[in-house]
Amino acid sequence: MKIPYAESFKIKMVEPIRRSTHEEREKWIKEAKYNLFGLRSDQVFIDLLTDSGSGAMSDRQWAAIMLGDESYAGSSSYFNMKKAIKAILGFDYFLPTHQGRAAENVLFSVLVKPENIVPGNSHFDTTKGHIEFRKARAVDCTIDEANNTQLEHPFKGNIDLDKLETVLRTYPKEQIPFICITVTCNTSGGQPVSMQNLKEVNTLAKKYDIPVLFDSARFAENAYFIKKREKGYEDKTIKEIVREMFQYADMMTMSSKKDAIVNIGGFIACRNEQLFKEAATFNIMFEGYITYGGMSGRDMNALAVGLDEGTEFDYLDTRIRQVAYLASKLDEYGIAYQRPAGGHAIFVDALKVLRNVSREEFPAQTLGIELYLESGIRSVEIGTILADRDPVTRENRYPQLELLRLAIPRRTYTNSHMDVIAASLKNVYERQDKITRGFRIIYEAPIMRHFTVELERL
Ligand code: F0G
């Protein structure tokens, strides 16, 4: 008999989670104004709101926490982090920040000016936010295949080279501070970018003399997909693939709460000393002195270990197989999601699951609420509420896809939890004929409305 797969870790510490009743959940979600961000964590049974900072650290990381050096300047923890970044990613210069968006804030303070254009593959919300905040514009050059959830494509995070070149030809190079490649691409479904695409984008960038920035939150998951799906990489280690990937980047921003498997932290890394020096000034202003930048020594220590563990094949194999396991259950039940399954999450295609809810009534949000009511699972809408209103017309923007993201925290849940998630979605899917109405907004903030939006059932 073929020996089945099993996780590459055993569990040393546990945290109880509590089931609730349907009546309790009805009450709680109503009190939260039907905003899943408004729930208390103890009102949630399985929390798939995000994979950011919500994972479990290893015994090695906890040991490193105890050895954290809390000196204000020049701590050994800073040098541990520096060494890990050089060894794994190959960058000589780096600045710690308290998380990914802080890295964007510091670096973009140097690089992004009004009227600038930043092409990339479906920029993440905070990245786009930090670009637009500086009166610049993010241009999405992702391949069209990414917009068809049912189409199988190994690298749906890829940049369309024609779209990119059109941007590079249209605007003078002084107006394009960098090209931003997000690996893996969160917004298009945790989808990877191929090595070939990274290389081709880099060649194009050189031709037009424009630097390349990697938004690297899930770079290790990207490397895993390259190993699994791209010819010529089967026998390379994840660390070898990562080193090769970053040869095509001039600089990077990192949310360490993802692939460095820590609860808080981020950084900027680059090869250019002048850029480092300019960014260092903003780091001191916004984050902290250059050898801690908003992080404690213990957290920098855990991050250094996390970078090493996060780029080990066995860890990634366990993680991504778990996401794929959930996807296989959804296949069994006929539930549509962005195919193939992403690295950190499943993005359910809400328009194909709740066919009777009109787009004006927020089908992905409705699905998220139904899933919560079914069994206490918290997910997040990646649809019309997140897409916000057009800044000029103030009309709702309807994105091509209306998705519900089920983000899987690292090393946190077991496949039994995946079974509960899949069964709960199946139950909602089976009663979709009874779900004909969605929600109406009763309060919304002028920007980033999804965090605090208040809704009313129709
Ligand atoms: N870039 C990407 C691709 C991200 O997914 C995130 C965060 C950030 C940058 C910002 O990093 O949160 O550390 O400030 N994504 C989280 C998520 C919030 O749920 O996907 P941060």
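Whatever order the structure lists them in is the order used to number ligands and atoms, beginning at 1. Source: prediction; values computed, not measured.
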Evaluate F37 against F451 for ring-ring contact (aromatic ring centres under 6.0 Å, His included), listing each step before the verdict.
CA-CA 6 Å; F37 285 96; F451 290 114; 5.0 Å; yes
As a quick check of understanding, evaluate ring-ring contact (aromatic ring centres under 6.0 Å, His included) for Y34 and F439, giving each step before the final call.
CA-CA 9 Å; Y34 298 99; F439 290 84; 5.0 Å; yes
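- With sequence neighbours left out, the salt bridge (charged side-chain N to carboxylate O under 4.0 Å, His left out) criterion links E145 to no other residue.
- Near ligand 1, residues T50, S52, Q99, G100, R101, E104, F124, T126, T182, N186, D215, R218, S255, K257, K258, R405 each place a heavy atom inside the 4.0 Å sphere around the ligand atoms.
- Each of D299, V305, N301, N263 was evaluated against Q61; a single residue qualifies, V305, per the side-chain contact (heavy atoms from CB on, under 4.5 Å) test.
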Criterion ring-ring contact (aromatic ring centres under 6.0 Å, His included) on F276 and F94, from CA distance to verdict
CA-CA 7 Å; F276 164 77; F94 96 100; 8.3 Å; no
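- Taking the charged nitrogens against the carboxylate oxygens, E309 and R411 do have a contact shorter than 4.0 Å, which makes a salt bridge.
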